[in-house]
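The chains referred to below are lettered A, B, ... by the order of the sequence lines, with proteins before strands, and numbering in each begins at 1.
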Amino acid sequence: MGRVRLATWNVNSVKARLPRLLDWLETTGPDVLCLQETKVGADGFPTEEVAALGYAVAAHGEGRWNGVALLSRVGLDDVVRGFEGDPGWGGEPTGEEGLFESPRIEARAVSATCGGVRVWSVYVPNGRTPESAHYTYKLRWLDVLRSHMVDELTRTDQLVVCGDFNVAPTDADVFDPAAFAGATHVTAPEREALAALLAAGLRDVVPAPMKGPNPFTYWDYRAGMFHQDKGMRIDLFYASPAIAAAVKTATIDREARKGKGPSDHAPIVVDIDV
DNA sequence: ATGTCATCCAGCGGATGA
């Protein structure tokens, strides 16, 4: 019994962010951290550096793009990299929306059991534009993820799926809905994919901003967007009802978006009583 | 909003992706 601290952070390269990541681990002390956009292959993850702080690592990477990982100091069991039915990306279109001949499976999901909680770290495809094949890939990927959440919930009531979903759930989750006309991240099908995850039995644990009214987790590097708080809530922390009910605090650590060499995303930190 | 950043390959800059 006690407090468990779970967190998720799109670091936009674990190598480029390593000094900041190590600092943040020391000061914040999450028990479990989900990482996205690590951008390193299997042998490139700084395993020893985080092990020195007491964390076991389950990394799933492919090199230049994507890449996810789980760090835990409360156990790391039954690690699964990727998931059955991942549609993959690339190759020749088959004619069926979002499906390709000989696609390459990308490193976008890793799951493990940490201190009794089943935890998934996910990096949902961006979608690029609503007309793009990448967009149909995104929707298909989210639907297969949903089917796995249904399965997971039959096995456990202690489930967390968090990460960069690349979808803003509502218009209140972007700085200006008009600025996103015709863009991905805000379309009805993407939001319906999130709604389907909730309908499968998950809860959206909405974190509190440290400052201001907006629960944004991402701000573009360009044009002073962060300083104007022109951001988006696209990093999400979804949890089973039992976990959601045990949440004591959920916060967006916007301090981690400040200063020299930040990621363009801020971490979400969630404390639960177990 | 297109004003930045990270990465790769082939090299010191352009292409790609976000």
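With both ends at atom C1', the span from B:dT2 to B:dT16 equals 15 Å, rounded to whole Å. Using atom C1' as the reference point in both B:dA18 and B:dG3, the two lie 16 Å apart (nearest Å). Rounded to whole Å, the P atom of B:dG11 lies 13 Å from the corresponding atom of B:dA15. Comparing the C1' positions of B:dC12 and B:dT7 gives an interatomic distance of 15 Å, to the nearest angstrom. Nucleotides B:dA10 and B:dG14 have their C1' atoms positioned 11 Å apart, rounded to a whole Å. Between the C1' atoms of B:dC5 and B:dA1, the separation comes to 16 Å (whole Å).
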All N/O contacts under 3.5 Å from nucleotides 16-18 of chain B to the protein, with atom names and distances to one decimal?
from	atom 1	to	atom 2	distance (Å)
B:dA18	OP2	A:R128	NE	2.8

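Residues A:T38 and A:M225 both approach DNA chain B. Their nearest nucleotides, taken by heavy-atom distance, put A:M225 toward the 5′ side.
Every residue two or more places apart in sequence or in another chain that forms a side-chain hydrogen bond (donor to acceptor under 3.5 Å, both in side chains) with A:D253 is listed here: A:W24.
Listed pair A:S13 / B:dC5 fails the phosphate criterion, with no side-chain N or O lying under 4.0 Å from OP1 or OP2. When the side-chain nitrogen and oxygen atoms of A:K15 are compared with OP1 and OP2 of B:dT7, none of them lie within a distance under 4.0 Å. A:R17 has no side-chain polar atom (N or O) that falls below the 4.0 Å cut-off from OP1 or OP2 of B:dC5.
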Verdict with reasoning, A:R118 to A:V80, per side-chain contact (heavy atoms from CB on, under 4.5 Å) = CA-CA 11 Å; A:R118 190 72 192 160; A:V80 178; 3.6 Å; yes
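If you measure from atom NE2 of A:H185 to atom C1' of B:dA1, you get 14 Å, rounded to the nearest angstrom. As rounded to whole Å, 12 Å separates atom C1' of B:dT2 from atom CZ of A:F180. Between A:K258 atom NZ and B:dT4 atom P the separation is 21 Å, expressed in whole Å.
Listed by first and then second residue, the side-chain hydrogen bond (donor to acceptor under 3.5 Å, both in side chains) pairs that reach into residues 73-83 of chain A are A:D31-A:R73, sequence neighbours excluded.
Nucleic acid contact for A:F226: none, since no nucleic acid atom lies under 4.0 Å from a heavy atom of the residue.
The backbone N or O of A:W89 sits nowhere less than 3.5 Å from a side-chain atom of A:R104 that would complete a donor-acceptor pair. Listed for the A:R20 side chain is a donor-acceptor partner under 3.5 Å among the backbone atoms of A:A256.
If you look at A:F180 and A:F175, their ring centroids are closer than 6.0 Å.
To the nearest 0.5 Å, the span separating OH on A:Y55 from OG1 on A:T47 amounts to 14.5 Å.
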